[in-house]
There are 2 protein chains.
Amino acid sequence: MKVKELPENTLQRLIIYLRVLEYLEREKIDPISSEDLARRCGVNSAQLRKDLSFVGNLGTKGVGYSVKSLKYSLKKFLGRNHEWNLILGGINPLANFLLENSQLFKEGFNFMAVFDTRDEYIGKVYSGLSVYNLSQISYVVRNIRVDIGVITADETPELYLETFLREGIKAILNLSNVPLFSENEKIKIENFSFPFILTKLSYFLKLYEEK
Amino acid sequence: MKVKELPENTLQRLIIYLRVLEYLEREKIDPISSEDLARRCGVNSAQLRKDLSFVGNLGTKGVGYSVKSLKYSLKKFLGRNHEWNLILGGINPLANFLLENSQLFKEGFNFMAVFDTRDEYIGKVYSGLSVYNLSQISYVVRNIRVDIGVITADETPELYLETFLREGIKAILNLSNVPLFSENEKIKIENFSFPFILTKLSYFLKLYEEK
DNA sequence: TAACTACTGTGAAAGTTATCACTAAATGAA
DNA sequence: TTCATTTAGTGATAACTTTCACAGTAGTTA
């Protein structure tokens with residue numbers, strides 16, 4: 001399998017295009033030219049057309065792109081045309097926010113089970129899901145397909161990672177404060193934290209101060 | 001060395017290095033070689049050294065890097081050696097999570113004021129901050145320095161953006177579902193949403209399925 | 001002191017990505 | 001029908017990023 005055929009930056013932009021197309025659909029704007037869509041996505045039109053050429057021949061010369069059908073093509077290409085099953089590791093306010101978030105459910109990301117390592121949380125119910133002991137994960141996920149493991153735990157996130165990978169989970173969203181990596185290219189880990197993204201802004205502001 | 005503009009990917013990696021260094025400091029690992037640090041950050045050592053060369057000559061040949069002093073240099077370079085003032089637009093569970101999040105405060109990101117456009121929220125108190133009407137923003141921020149505007153609102157995020165920019169705010173974290181952009185290169189907007197990052201994983205999983 | 005080892009910093013090469021500039025196709029007007 | 005206009009798709013090229021490979025330096029040993 002060639003996981004790397006699509007550049008990472010192209011993937012990120014395709015996701016932006018999809019989200020802007022969803023907005024355009026709500027606004028009943030259709031069709032749209034590469035020039036107009038690119039401007040709304042903060043890129044130039046040649047790049048947008050090149051990016052979309054990875055997905056296929058999706059436009060009509062002289063006209064532009066049908067918002068509805070381009071959105072559909074992108075959803076399919078990105079694997080967003082069906083639902084995905086998630087499990088979550090580590091109860092805390094962020095975990096609670098994610099479990100209660102109806103937007104994720106609407107978009108096809110469904111939490112199936114919740115794990116923790118701390119006795120005082122085991123057995124409690126969050127958003128209709130009982131918290132299981134992480135050490136019991138094999139028994140819990142035996143009969144459900146798990147696509148994505150979400151790590152919210154601040155303490156020992158690497159323990160959750162190891163456990164999830166041992167269970168054969170291939171895709172990890174790590175929301176703890178320590179970035180995690182795997183040498184295995186059959187495993188995909190996305191790291192995110194709010195301080196991380198705010199630091200990108202703080203760097204920009206610091207540059208500004210210096211001028 | 002010639003002063004070149006810092007590539008976006010280099011910036012992102014520098015932030016990763018910083019967070020891993022913070023972990024190493026807690027683990028009392030010091031000093032560390034580029035080889036070892038790179039492995040823990042999921043990059044190769046030449047890239048790590050090249051990235052750090054944007055910041056300065058920070059290592060000692062034959063020895064490696066002092067964890068403590070490299071951490072300090074990176075914090076300073078990234079503008080994380082002092083505090084930043086934030087305002088927030090749009091009350092919802094995500095806003096509430098951010099306002100209650102002590103980690104952000106510990107890392108030097110302080111929420112100073114909260115805004116909304118819906119009458120039923122104006123005057124309510126969240127995490128010790130009164131919600132003000134967005135249209136009154138000028139009066140509220142007249143006497144405080146605002147560094148970063150955080151948009152959590154799902155409805156009319158572009159109204160919050162316009163208003164924040166009109167107040168002279170240069171750095172925006174947009175957490176709504178619609179990505180926002182500005183032509184003005186003196187403005188920096190970071191877009192993030194959980195469905196966005198989960199879509200990166202869904203694309204990876206879809207490739208797997210097709211194998 | 002000199003020889004040896006371990007590691008950084010960096011110029012050059014290799015590899016990758018973005019942009020340009022053109023071709024081709026669809027539309028609409030005369 | 002023909003012509004002008006608009007816009008997608010793409011090969012070539014420019015720009016940028018990563019990796020290689022080694023010179024140079026700090027520390028260590030004798």
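Per chain, numbering begins at 1; letters A, B, ... match sequence-line order.
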Could you state the atom-to-atom distance from [atom1] of [X] to [atom2] of [N] in whole Å?
X       : N      : atom1 : atom2 : result
B/Asp36 : C/dC7  : CG    : C1'   : 13 Å
B/Leu37 : C/dT8  : CG    : C1'   : 13 Å
A/Asp51 : D/dA8  : CG    : P     : 14 Å
B/Ile32 : C/dA6  : CD1   : P     : 17 Å
A/Asn44 : D/dG9  : CG    : P     : 15 Å
B/Leu48 : D/dT17 : CG    : P     : 17 Å
B/Glu35 : D/dA21 : CD    : P     : 14 Å
A/Glu8  : D/dT17 : CD    : P     : 15 Å

With a 6.0 Å cut-off on the ring centroids, do [X] and [Y] count as close?
X        : Y        : value
B/Phe54  : B/Phe77  : no
B/Phe105 : B/Phe109 : no
A/Phe192 : B/Phe192 : yes

### Summary
Each nucleotide of nucleotides 25-30 of chain C classed B (base within 4.0 Å of a protein heavy atom), S (only sugar-phosphate) or -, in 5' to 3' order, makes BSS---
### Query
Taking the side chain from B/Asn96 and the backbone from B/Glu100, do they hold a donor-acceptor pair closer than 3.5 Å?
no
Under-4.0 Å side-chain N/O to phosphate OP1/OP2 contact, [X] with [N]:
X       : N      : value
B/Ser34 : C/dT8  : yes
A/Arg49 : C/dA18 : no
A/Tyr65 : D/dT6  : no

#### Entry: Closest to the B/Ser33 side chain, choosing from D/dT18, C/dA18, C/dT8
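Selected nucleotide: C/dT8.
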### Query
To the side chain of B/Ser53, which of C/dA21, D/dT18, C/dT10 is closest?
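Closest nucleotide among those given: C/dT10.
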#### Entry: Earlier contact from the 5' end, DNA chain C, for A/Thr10 and B/Gly56
B/Gly56
### Most 5' of A/Gln47 and B/Gly64 on DNA chain C, judged by nearest nucleotide
B/Gly64
#### Entry: No-hydrogen, no-angle side-chain donor-acceptor test under 3.5 Å, A/Asn174 and A/Ser176
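A donor-acceptor contact under 3.5 Å links the two side chains.
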### Residues A/Glu155, A/Arg118: salt bridge by 4.0 Å N-O rule
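The answer is no: the pair does not qualify as a salt bridge.
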### Query
What distance separates A/Thr152 OG1 from A/Asp116 CG, expressed to the nearest 0.5 Å?
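A/Thr152 OG1 to A/Asp116 CG: 8.0 Å, rounded to 0.5 Å.
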### Query
Base, sugar-phosphate, or nothing for A/Leu58, non-hydrogen atoms under 4.0 angstrom?
sugar-phosphate
